[in-house]
Enquirer: 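This is the structure I want to talk about, given as structure tokens.
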Amino acid sequence: MIIYNTTYNVSNDKAVAFIKWLRSRYIPLATESNELKEARLAHLMVTNEDKTNSFSLQFTVENVDVLEKWYHKQGAQLLHELETTFGQKVVGFTTIMTVMDII
């Protein structure tokens, strides 16, 4: 199992619209194929001098092959929609993490 995480830096004037878009559009479309699961959204508790908000959106995915399949089928289209809708007001970076046992 892996975690597919994207951390977004969002200008204050677009934060409400961005969260609404994630909840109503991005997350439902991203999870409809059942390749991405267990969506979690978090607001990072940091003080940004540049007057922005940071959010982390995470999904669990079976493995990297499934993630790549999802990206080519849906992810690239959703990324394009995000860029078209918000431009430079929302920028993000993605990390892929493996889940480890704590013992």
Enquirer: Taking the side chain as every heavy atom from C-beta outward, state whether V16 and K20 have any atom pair closer than 4.5 Å.
Expert: no

Enquirer: When rounded to the nearest 0.5 angstrom, what is the spacing between NE2 in H72 and CG in L67?
Expert: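 The CG atom of L67 is 9.0 Å from NE2 of H72, to the nearest 0.5 Å.
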
Enquirer: What's the separation between atom CD in Q58 and atom CD in E38, rounded to the nearest 0.5 Å?
Expert: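 It is 10.5 Å, given to the nearest 0.5 Å.
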
Enquirer: Looking at every heavy atom in both A39 and I27, which two are closest together, and how far apart are they?
Expert: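 Residues A39 and I27, closest heavy atoms: CB-CG2, 3.8 Å.
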
Enquirer: Taking the side chain as every heavy atom from C-beta outward, state whether N63 and I2 have any pair of such atoms under 4.5 Å apart.
Expert: no

Enquirer: When hydrophobic residues are tied together by side-chain contacts of less than 4.5 Å, even through go-betweens, does M97 share a cluster with V66?
Expert: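 Hydrophobic grouping puts M97 apart from V66.
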
Enquirer: Return the OH to OH distance between Y71 and Y4, rounded to the nearest 0.5 Å.
Expert: 7.0 Å

Enquirer: Using side-chain heavy atoms (C-beta onward) and a distance below 4.5 Å, is N9 in contact with V90?
Expert: no

Enquirer: Quick one: NZ on K69 to CD on E35, what's the gap to the nearest 0.5 Å?
Expert: 5.0 Å

Enquirer: What pairs with E32 under side-chain contact (heavy atoms from CB on, under 4.5 Å), at least two apart in sequence or on another chain?
Expert: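 So E32 forms a side-chain contact (heavy atoms from CB on, under 4.5 Å) with L29, Q74.
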
Enquirer: Quick check on the hydrophobic clustering: are L44 and L57 connected, directly or via other members, by side-chain heavy-atom contacts under 4.5 Å?
Expert: no

Enquirer: I'd like to know if the side chain of S11 pairs up with that of T52 as donor and acceptor (distance under 3.5 Å, no hydrogens or angles considered).
Expert: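 The answer is no; no qualifying pair exists.
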
Enquirer: So do K89 and D13 actually touch side chain to side chain, heavy atoms under 4.5 Å?
Expert: yes

Enquirer: Can Y26 and L82 be said to form a side-chain contact (heavy atoms from CB on, under 4.5 Å), step by step?
Expert: CA-CA 9 Å; Y26 187 93; L82 174 116; 5.6 Å; no

Enquirer: Find out whether W70 and V61 are in side-chain contact, i.e. whether some heavy atom of one side chain is under 4.5 Å from a heavy atom of the other.
Expert: no

Enquirer: Decide whether N5 and S56 meet the rule of one side-chain donor and one side-chain acceptor closer than 3.5 Å.
Expert: yes

Enquirer: Under 4.0 Å between a side-chain nitrogen and a carboxylate oxygen: does that hold for K37 and E62?
Expert: no

Enquirer: Over 60° means perpendicular and under 30° means parallel, so classify the ring planes of F86 and F18, tilted if in between.
Expert: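 The arrangement is perpendicular - the two ring planes meet at more than 60°.
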
Enquirer: Is a donor on one side and an acceptor on the other found under 3.5 Å between the side chain of T60 and the backbone of I3?
Expert: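 Not at all, since once roles are kept as given, no pair shorter than 3.5 Å links the two residues.
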
Enquirer: Specify the closest pair of heavy atoms between Q88 and V91, including all atoms of both residues, with the distance to one decimal.
Expert: OE1-CG1, 3.8 Å

Enquirer: Could you tell me whether the side chain of F93 reaches within less than 4.5 Å of the side chain of Y8, counting heavy atoms only?
Expert: no

Enquirer: Using a 4.5 Å cut-off on heavy atoms from C-beta on, say whether the side chain of H43 contacts that of S54.
Expert: no

Enquirer: About how many Å separate NZ of K14 and CG of N53, when rounded to the nearest 0.5 Å?
Expert: 14.0 Å

Enquirer: Kindly give the heavy-atom pair with the smallest separation between T31 and F59, and that separation in Å.
Expert: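 T31 and F59 have their closest heavy atoms at CG2-CE2, 3.6 Å.
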
Enquirer: Counting only heavy atoms not in Q77, do more than 12 fall under 6.0 Å of its CD?
Expert: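 Check fails, neighbour count at 12 or below.
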
Enquirer: Write down the atom of L22, the atom of P28, and the distance for their closest heavy-atom approach.
Expert: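 Taking every non-hydrogen atom into account, O-CD, 3.8 Å.
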
